[in-house]
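As structure tokens, the structure follows; a few thoughts come after it.
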Amino acid sequence: MCKNKLDLLEQASAVDIFKYNQRQLKNISATDRFYNRGLMIKASQMAKSDQYSLIKYRVGYMLVVPFSPTEGLILLPKLDLIENTSDGFSNIDFINHSVSLAKLAYFLYRGEEAPDRDITIIQMADSGKLIEQVKSIDDMIAFHIYTVKMIEAITKLDEAKFQESLTDMRGCNIFGDSLTQQGIIRGQKDILIDLISKLSDTVGKYGLPIKKIIGIQMNSIQKIENQSNILNFDAWLAEIPWIYFREFKAYRKSLFTDKAERIKAYLTNHVRENIRLHDIAAELGLAEQTLNAIFKKKFDMTIKQYTIQLKIESAKQVLTSTNLKIKDISEYLSFADESYFILTFNRQCGTTPSKYRAQHIEKVLQ
């Protein structure tokens, strides 16, 4: 095993790498953060030993690279330490590169050429049990019916109906002779782009800002057209609608939120960035000169004061859950430099970041 090269793979591909052996799990090239190891062991047991497997669970995917029926590697895309959200586009990128990632990890660990294998997707329920696959429906009409139901569920923000219709839609066998004669890859791309168009038109009619729609649309189509082949078409069908669902849900929620709460939500969602009033105003459609007055009237503090509080609370979380250096945490939260971060932390907490971390470790060990 070439540990240094696996470390490079971890950094270059933004993945954490684990080795499994029967019921044991070992960090090979992984950051020091929490993972549900029990779920990972179950994923390794579900995977077939003669295939690479993408295990879909509630917040993302795991890639299982087996060496034998009881031994192999598990690769997971890195999650944001603070926001801890699953980005649809990140999932798509991970899915699309899953075969090359699997082969590369296999080669770097074993020192031998990886076998050519199929890749399968296995969906895991929250309980950790395998979800039975939906019976295929060889009917293009059924696919369109389920698509309409899925899009209608988005407009009503009915997550249960949305998930049900999306599952039914993905269960359809839509690649008949008419598509394979024109080329299966082009057929897959055209179906995905048509789906994006329908989703964009619908959420646009229900008020989602055109800037948001164009951003999703262009990003999705660019990713699709850049692929020489569409790996795991079923997973693309799952991820793209979820991107629209989340964006539309966030938009509808913002309509019923007052201006101060919208500013607060923006600050929370962008805590890692160097937040500027101009950016807040542009994103929320508010006048820049009124932002502080609106915010202070409700929360009795300025936007800068609240932003500092958020960053310090996030710093505490990272300090107590990782081994990241103080300088790295400073950069992670977009402080001007390490010295300013330490000074700000000390003012807010009455101690330095290093002492805060040491005190936390001491409490844990007691």
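The chain is numbered in sequence order, starting from 1.
The ring of Phe295 has its center closer than 6.0 angstrom to the ring center of Phe299.
In this structure, Asp50 places its CG atom where more than 12 heavy-atom neighbours from other residues, nucleotides or ligands lie under 6.0 Å away. Atom CE of Met218 has 12 or fewer neighbouring heavy atoms from other residues, nucleotides or ligands inside a 6.0 Å radius. The number of heavy atoms from other shown groups lying within 6.0 Å of NZ (Lys316) is above 12. Within a 6.0 Å radius of CG in Asp116, other residues, nucleotides and ligands contribute 12 heavy atoms or fewer. Within a 6.0 Å sphere centred on CD of Glu112, other residues, nucleotides and ligands contribute more than 12 heavy atoms.
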Side chain to side chain contact (heavy atoms under 4.5 Å, CB included) between Ile263 and Leu286, worked out:
CA-CA 10 Å; Ile263 296 171; Leu286 301 172; 4.2 Å; yes
Go through the steps for Trp236 and Lys223 under the test side chain to side chain contact (heavy atoms under 4.5 Å, CB included), then give the verdict.
CA-CA 11 Å; Trp236 284 72; Lys223 287 180 180 293; 4.3 Å; yes
For Glu159 and Arg246, what are the C-alpha separation, side-chain angles and deciding distance, and is it a salt bridge (charged side-chain N to carboxylate O under 4.0 Å, His left out)?
CA-CA 10 Å; Glu159 189 166 340; Arg246 287 191 291 266; over 6 Å; no
Chi angles and distances behind the side chain to side chain contact (heavy atoms under 4.5 Å, CB included) call for Phe345, Leu319:
CA-CA 12 Å; Phe345 193 97; Leu319 283 166; 3.7 Å; yes
Stepwise, does the side chain to side chain contact (heavy atoms under 4.5 Å, CB included) test hold for Lys103 with Phe107?
CA-CA 6 Å; Lys103 287 186 174 182; Phe107 170 74; over 6 Å; no
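Leu343 and Val318 end up in different hydrophobic clusters when Ile, Leu, Val, Met, Phe, Trp and Tyr side chains are linked at under 4.5 Å. Two different hydrophobic clusters hold Val148 and Phe143 under the rule that ILVMFWY side chains link at heavy-atom gaps under 4.5 Å. Following chains of ILVMFWY side-chain contacts shorter than 4.5 Å, one can reach Tyr206 starting from Ile243, so the two form part of one hydrophobic cluster.
By the 4.5 Å heavy-atom criterion applied to side chains, Ile224 and Ile240 are counted as neighbours. Residues Ile191 and Leu195 form no side-chain contact, since every pair of their non-hydrogen atoms from C-beta on lies 4.5 Å or further apart. Leu267 is listed as a side-chain neighbour of Ile280, based on a closest heavy-atom distance under 4.5 Å. In this structure, the side chains of Phe18 and Asn27 come closer than 4.5 Å at one or more pairs of heavy atoms. At a threshold of 4.5 Å between non-hydrogen side-chain atoms, the residues Pro241 and Met150 count as touching. Contact annotation: the side chain of Leu76 approaches that of Met40 to within less than 4.5 Å [non-hydrogen atoms, C-beta and beyond]. Contact check for Ser314 versus Leu333: side-chain heavy atoms found under the 4.5 Å cut-off. In this structure the side chain of Ile193 reaches within 4.5 angstrom of the side chain of Glu225, judged on heavy atoms.
Here the closest heavy-atom approach between residue Ile213 and residue Gly204 is recorded as CD1-CA, 3.3 Å. The two residues Tyr52 and Pro115 have their closest heavy-atom pair at OH-O, 2.7 Å. The heavy-atom pair separating Ala43 from Ile55 by the smallest distance is CB-CG1, 3.9 Å. Taking each heavy atom of Tyr106 and Pro66 in turn, the nearest pair found is CE1-O, 3.8 Å. Closest non-hydrogen pair, Thr351 versus Gln359, comes out as OG1-NE2, 4.1 Å. Closest non-hydrogen pair, Tyr266 versus Ile275, comes out as CE2-CG2, 4.2 Å.
In this structure, Lys19 pairs ionically with Glu71, as a charged nitrogen and a carboxylate oxygen lie closer than 4.0 Å. Ion pairing of Lys205 with Asp201 is absent here, as no side-chain N (NZ or NE/NH1/NH2) approaches a carboxylate O to less than 4.0 Å. Residues Glu273 and Lys311 are not paired through a salt bridge, judged by the lack of any N-O separation under 4.0 Å between the basic side chain and the carboxylate. Salt bridge Lys298/Asp258: present, at least one basic N to carboxylate O contact under 4.0 Å. The residues Glu338 and Lys325 are annotated as not salt-bridged, no charged nitrogen and carboxylate oxygen being separated by less than 4.0 angstrom. With salt bridges taken as basic N to acidic carboxylate O contacts below 4.0 Å, none links Lys149 and Glu152. Comment: Glu239 engages Lys56 in a salt bridge, judged by a side-chain N to carboxylate O separation of less than 4.0 angstrom.
Atom OG1 of Thr302 is separated from atom CG of Leu291 by 12.0 Å, given to the nearest 0.5 angstrom. Summarising the geometry, atom CG belonging to Leu199 is positioned 8.5 Å from atom OG1 belonging to Thr147; distances are rounded to the nearest 0.5 Å. In this structure, Leu39 CG and Met62 CE are separated by 4.5 Å, a value rounded to the nearest 0.5 Å. Annotation: the span from Leu310 atom CG to Thr268 atom OG1 amounts to 5.0 Å, rounded to 0.5 Å. The line from CZ of Arg276 to CD of Glu288 is 9.5 Å long, rounded to the nearest 0.5 Å. Between the OH atom in Tyr340 and the OG atom in Ser330 there is a gap of 10.5 Å [rounded to 0.5 Å].
Side chain of Ser334 to main chain of Arg272: a donor-acceptor pair is present (N/O by atom type, distance under 3.5 Å, no hydrogens or angles). Side chain of Thr320 to backbone of Gln317: a donor-acceptor contact under 3.5 angstrom is found. A side-chain donor-acceptor contact under 3.5 Å links Arg357 to the backbone of Thr322. Looking at Ser200, its side chain never comes within 3.5 Å of a backbone N or O of Ser197 through a donor-acceptor pair.
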